[in-house]
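Heads up, the thing below is written out as structure tokens.
Not measured: the values here are computed from a predicted model. Note: hydrogens, waters and symmetry copies are ignored here, and every other heavy atom, side chains too, is used.
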Amino acid sequence: MTNKKFISLSVVSILLAISAAISINLNTQNYNFQNRGEVFLKGFTQNINNISVISIESFDNTIDLVKKNNNYISKSGYPLKKGMWENLITSLSLLRTEEKKTKDPERHDELNLKSPELNNSEDESDGYATKITLKKNDGTVYSSILFGKTDPSVGGLSGGQFARMNGDNQSYLLKGAIRMPGSKSDWFESLLFTIKNENFQKAGLKKNDKVFEITNIKNSLKITYPQIPDFNADEEKLNDVRDVIESFYFYDVKKSLDSYPDNLPTLSYETNDGLILSISSVNPEAKDESWVIITVASNKPKSKDLADEIRGKTLGFEFLANINTSNILRWEAKDLKSQESK
């Protein structure tokens with residue numbers, strides 16, 4: 001090979017190397033970019049003491065966590081399940097940038113990175129992100145991040161997760177993923193109480209007037225009010241009334257009002273142990289799940305501790321009940337009638 005040919009090939013090689021370097025620097029989809037491994041939320045751990053509110057917004061998991069006495073509680077004041085906010089804070093602090101992904105907003109739905117505010121559907125969440133906004137003590141926003149699909153192929157115990165900063169179309173694949181409950185009720189110890197069926201004595205529904213009463217007579221549920229000739233009761237519905245208190249879970253919680261009307265639809269229960277429990281719908285006009293308030297008393301020493309425990313969990317709060325309890329609070333006596341006897 002002549003010197004001239006060698007020099008020509010060297011020049012071509014250098015030009016190709018320069019061209020490749022330029023291509024790498026200009027390619028926004030390059031996976032080996034210089035920020036790989038960097039902390040995604042820069043300065044988060046140093047500023048955590050200045051974060052007073054963590055707002056979470058998604059299809060079925062929207063909640064504000066408010067700092068109080070170096071802990072986070074729900075905005076309602078109801079205590080969170082142990083370890084919930086600690087897991088979230090830790091997972092946020094461990095996020096590392098792995099890859100730069102698309103900045104085309106038309107492709108955000110592929111990664112579940114569309115802003116949740118844009119979702120007008122009542123039953124569809126695909127394509128939409130979980131938005132976490134961190135607010136400082138002075139009310140300003142420290143950071144607002146949209147988290148999308150997870151990617152288990154990324155190394156580490158938590159795999160990876162797609163994310164982007166709110167207001168910025170550039171998306172990233174992160175190493176690590178946020179750890180928090182999948183639904184709002186899972187932030188709390190949502191089981192308020194359990195009453196065994198054999199302890200059930202009677203239950204009644206009252207609105208402006210008494211609607212019905214069901215009594216356990218020799219281990220058989222009977223309608224004791226109203227007395228309607230040839231009324232064939234639906235045993236499954238009688239069981240439904242009793243089973244409301246068998247395991248009472250709530251799906252959301254908020255602070256109660258200072259006072260309520262006297263004629264709220266109210267399910268009242270009495271047990272063989274002397275527990276007296278009332279569940280009142282505070283939005284009787286609603287057609288879906290109802291918000292309820294719960295009051296409790298005891299007329300026998302055997303149930304005093306349980307009454308105190310339930311009162312400690314429920315006093316000062318409204319709870320979102322399940323659809324079965326909500327429907328029963330809207331029933332009339334005729335709704336207890338067997339379909340076969342109509």
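- In Lys206, the NZ atom is not crowded: 12 or fewer heavy atoms of neighbouring residues, nucleotides or ligands sit closer than 6.0 Å.
- The nearest pair of heavy atoms linking Asn322 to Glu289 is C-CG, 4.2 Å.
- Residues Ala177 and Ser91 share a closest heavy-atom pair of O-CB, 3.4 Å.
- No more than 12 heavy atoms of other residues, nucleotides or ligands shown are found within 6.0 angstrom of CD on Glu236.
- Applying the 6.0 Å contact sphere to CD of Glu86 captures more than 12 heavy atoms from other residues, nucleotides or ligands.
- Counting heavy atoms from C-beta outward, Ser143 and Met165 have side chains that approach closer than 4.5 Å.
- Using the six-membered ring where Trp is involved, Phe319 and Phe250 have ring planes that are tilted, between 30° and 60° apart.
- Atom CG in Asn208 sits 10.0 Å away from atom CG in Leu264 (nearest 0.5 Å).
- Heavy atoms of other residues, nucleotides or ligands lying less than 6.0 angstrom from CG of Asp262 number 12 at most.
- The nearest pair of heavy atoms linking Leu65 to Ile56 is CD1-CD1, 4.4 Å.
- The two atoms that bring Asn272 and Lys300 nearest to each other are O-NZ, 3.0 Å, heavy atoms only.
- Within 6.0 Å of the OH atom in Tyr249, the count of heavy atoms belonging to other residues, nucleotides or ligands does not exceed 12.
- Ser74 and Ser76 share a donor-acceptor pair across their side chains, judged by distance under 3.5 Å alone.
- No continuous path of hydrophobic side-chain contacts links Leu146 to Leu92 [ILVMFWY only; heavy atoms under 4.5 Å].
- Here the side chains of Glu38 and Arg96 are not in contact, with every heavy-atom distance at 4.5 Å or above.
- Checking Asn199, Leu306, Ile195 one by one against Asp273, the side-chain contact (heavy atoms from CB on, under 4.5 Å) holds for a single residue, Asn199.
- The shortest distance between side-chain heavy atoms of Val53 and Tyr142 does not fall below 4.5 Å.
- Contact of the Trp331 side chain with the Val211 side chain is not registered, since no non-hydrogen atoms from C-beta on lie closer than 4.5 Å.
- Under the 4.5 Å side-chain heavy-atom criterion for ILVMFWY residues, a single connected hydrophobic cluster contains both Leu88 and Leu174.
- Under the 4.5 Å side-chain heavy-atom criterion for ILVMFWY residues, no single connected hydrophobic cluster contains both Trp291 and Ile245.
- No path of Ile, Leu, Val, Met, Phe, Trp and Tyr side chains, each step under 4.5 Å between heavy atoms, connects Met180 with Ile73, placing them in separate hydrophobic clusters.
- To the nearest 0.5 Å, the span separating CG on Asn50 from NZ on Lys136 amounts to 7.5 Å.
- Counting heavy atoms from C-beta outward, Lys222 and Thr215 have side chains that stay 4.5 Å or more apart.
- For the pair Lys101 and Phe162, the cation-pi criterion (under 6.0 Å, within 45° of the ring axis) is not fulfilled.
- The pair Arg311-Asp308 meets the salt-bridge criterion, with a side-chain N (NZ, NE, NH1 or NH2) lying under 4.0 Å from an Asp/Glu carboxylate O.
- Using a 4.5 Å cut-off on side-chain heavy atoms (C-beta onward), Trp85 and Ile54 make no contact.
- Side-chain contact check for Leu275 versus Val296: some heavy-atom pair is nearer than 4.5 Å.
- For the 3.5 Å distance criterion, the side chains of Ser55 and Thr133 fail to qualify, holding no donor opposite an acceptor.
- Judged by distance alone, with hydrogens and angles left aside, the side-chain atoms of Asn69 form no donor-acceptor pair with the main-chain N or O of Asn71 at under 3.5 Å.
- For the pair Ile328 and Leu205, the tightest heavy-atom approach, listed with the atom from each and the gap, is O-CD2, 3.5 Å.
- Within the 4.5 Å cutoff, no side-chain heavy atoms of Ile145 are placed close to those of Ile178.
- For the residue pair Tyr225 and Lys210, the shortest heavy atom distance occurs at CE2-O, 3.7 Å.
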Could you give me the CA-CA distance, side-chain angles and deciding distance for Leu134 and Phe44, then say whether side-chain contact (heavy atoms from CB on, under 4.5 Å) is met? CA-CA 10 Å; Leu134 309 172; Phe44 175 64; 3.6 Å; yes

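- Across Leu267, Thr271, Ile294, Thr295, a single residue satisfies side-chain contact (heavy atoms from CB on, under 4.5 Å) together with Leu277, and that is Ile294.
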Evaluate the criterion salt bridge (charged side-chain N to carboxylate O under 4.0 Å, His left out) for residue pair Glu117 and Lys131; output intermediate values, then yes/no. CA-CA 9 Å; Glu117 293 97 336; Lys131 181 179 178 181; 2.5 Å; yes

Please assess Ile279 against Phe248 for the test side-chain contact (heavy atoms from CB on, under 4.5 Å), listing each intermediate value before the final yes or no. CA-CA 11 Å; Ile279 303 169; Phe248 192 95; 3.8 Å; yes

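- Residues Phe231 and Phe212 keep their aromatic ring centres 6.0 Å or farther apart.
- In this structure a side-chain-to-backbone donor-acceptor pair under 3.5 Å is present from Gln161 to Gly148.
- Arg330 contributes a side-chain N or O that, together with a main-chain N or O of Ala286, makes up a donor-acceptor pair within less than 3.5 Å.
- Within 6.0 Å of NZ on Lys184 lie more than 12 heavy atoms contributed by other residues, nucleotides or ligands.
- In Lys207, the NZ atom is crowded: over 12 heavy atoms of neighbouring residues, nucleotides or ligands sit closer than 6.0 Å.
- Tracing side-chain contacts under 4.5 Å through hydrophobic residues (I, L, V, M, F, W, Y), one reaches Ile51 starting from Ile89; they form part of the same cluster.
- Annotation for Lys42: atom NZ counts as buried by contact number, over 12 foreign heavy atoms lying within 6.0 Å.
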